> 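Got a structure here, written out as structure tokens. Questions coming.
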Amino acid sequence: MALTRPCVSLLYDVASPYSWLAFEVCDRYTKIWDADIKFNPFLLGGVMKATGNAPPGALPAKRVYMREDLARCAKHFNVPLNYIKDGKVLYTSLAAQRLLTAVSLDEPALLRPLSRALWLRIWSANTDIAQQESLAAACAAAGATPRDAAALLLRSTEPDVKERLRAVTQVAIDRGAFGAPTLIVTLPGGPPEGDLFFGCDRFDQLAAAIGQPWLGPDPLSNAASRPLSPGAEPHERQSRL
Ligand SMILES: N[C@@H](CCC(=O)N[C@@H](CS)C(=O)NCC(=O)O)C(=O)O
């Protein structure tokens, strides 16, 4: 179907703190931009493997820089991000990304609150997101009943959910993704492959590309008066990139 307005597709993984920053910006700008903003969980590990890339933390100098950079970014973006201190926290996000994929298919209104709840666990409270109990706790924080959480966790292990996550990741790789966050911008009448942006630090250029205003990373809030909680308004089902 032909686009009637710009589309911004955010591809993210909750293992990635920079994805969290991009996610919050996209969430905030859904109320500002005349554009469709789509939230698509993908698997950063799969992207890294396919492209031969490695997480920035794998290089000691980058790891040191990242710690400083993320502390600055947390303030700049008004997101309560804390660098992971506890070596026991697992970065493995496969189960979490499968759960988010199941949610994107079956309970799309829960996608944003659950994504945020997972980031709050791993990148703010520095707690696990790999174990089933951790995922159930994130579902509860996002507002799911224990029964719904159990059903979604079960659903996340089904073949079509695994395949959907694999397929979304492959589309991103084919388009040129090498890390997260990846944003793909498509315009009415523009090429179907769109423009690819990497990182949470290109929103000024992205906004220019879609002809919409860039008002900084947190345009709506008085930073001091709005603590971040997982909740977000329901939104439309998202079925494609
Ligand atoms: N400058 C980017 C950095 C984003 C970044 O380092 N993302 C990591 C995952 S958290 C990644 O995928 N890096 C791949 C790379 O730098 O090649 C930003 O501010 O968002």
Side-chain angles (χ1 to χ4, degrees), residues 8-29 37 39-87 89-97 100 115-116 118-130 165-166 168-185 195-210 214 216-219 228 241:
V8 178
S9 170
L10 170 70
L11 292 134
Y12 66 93
D13 187 313
V14 293
S16 157
Y18 292 102
S19 289
W20 187 10
L21 302 171
F23 169 90
E24 295 300 346
V25 170
C26 286
D27 193 45
R28 293 163 186 168
Y29 275 84
I37 303 182
F39 295 82
N40 291 293
F42 78 159
L43 196 63
L44 179 56
V47 172
M48 293 284 176
K49 197 170 168 196
T51 56
N53 202 352
L59 187 79
K62 273 195 191 173
R63 193 163 57 237
V64 171
Y65 172 72
M66 217 175 131
R67 186 181 286 264
E68 294 172 19
D69 186 49
L70 286 173
R72 281 192 298 264
C73 284
K75 282 197 189 128
H76 183 66
F77 286 80
N78 190 25
V79 172
L81 194 156
N82 293 308
Y83 198 84
I84 292 182
K85 299 180 254 333
D86 182 351
V89 171
L90 298 176
Y91 290 86
T92 310
S93 60
L94 178 61
Q97 294 303 108
L100 288 172
S115 300
R116 184 175 291 121
L118 288 162
W119 271 305
L120 283 166
R121 282 190 68 84
I122 183 168
W123 281 107
S124 192
N126 293 170
T127 47
D128 171 80
I129 57 159
L165 178 60
R166 199 203 58 73
V168 171
T169 306
Q170 191 59 50
V171 168
I173 293 164
D174 291 345
R175 177 57 192 84
F178 58 88
T182 291
L183 296 117
I184 298 174
V185 169
D195 287 324
L196 184 143
F197 294 83
F198 167 66
C200 65
D201 50 2
R202 289 292 183 272
F203 277 106
D204 49 352
Q205 295 181 37
L206 187 152
I210 61 172
W214 174 241
D218 194 10
L228 197 66
L241 290 185

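Predicted model only: the values in this text are computed from it and were never measured. Atoms within a ligand are numbered from 1 in the order they appear, just like the ligands themselves.
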> With sequence neighbours left out, what residues match Phe198 under side-chain contact (heavy atoms from CB on, under 4.5 Å)?
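So Phe198 forms a side-chain contact (heavy atoms from CB on, under 4.5 Å) with Phe178.
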> Anything under 30° is parallel, anything over 60° is perpendicular, the rest tilted; go ahead and classify Phe39 against Phe23.
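Ring orientation of Phe39 relative to Phe23: perpendicular.
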> Quick check: Trp20 with Phe77 (ring centres under 6.0 Å apart)?
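For Phe77 and Trp20, the ring centres are not under 6.0 Å apart.
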> Taking only Lys NZ, Arg NE, NH1 and NH2, and the carboxylate oxygens of Asp or Glu, determine whether Asp128 and Arg121 approach each other closer than 4.0 Å.
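Salt bridge: no.
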> Exactly which residues line ligand 1, taking a heavy atom under 4.0 Å from it as the test?
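Only Ser16, Pro17, Tyr18, Leu44, Met48, Asn53, Pro56, Phe178, Gly179, Ala180, Phe198, Gly199, Cys200, Asp201 have heavy atoms that fall under 4.0 Å of ligand 1, ordered by chain and number.
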> The criterion is side-chain contact (heavy atoms from CB on, under 4.5 Å); which residues satisfy it with Leu94, sequence neighbours excluded?
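side-chain contact (heavy atoms from CB on, under 4.5 Å) check on Leu94 returns Leu43, Arg98, Leu165.
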> Check side-chain hydrogen bond (donor to acceptor under 3.5 Å, both in side chains) between Thr169 and all other residues, then give those that pass, not counting sequence neighbours.
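Listed in chain order: nothing, the list is empty.
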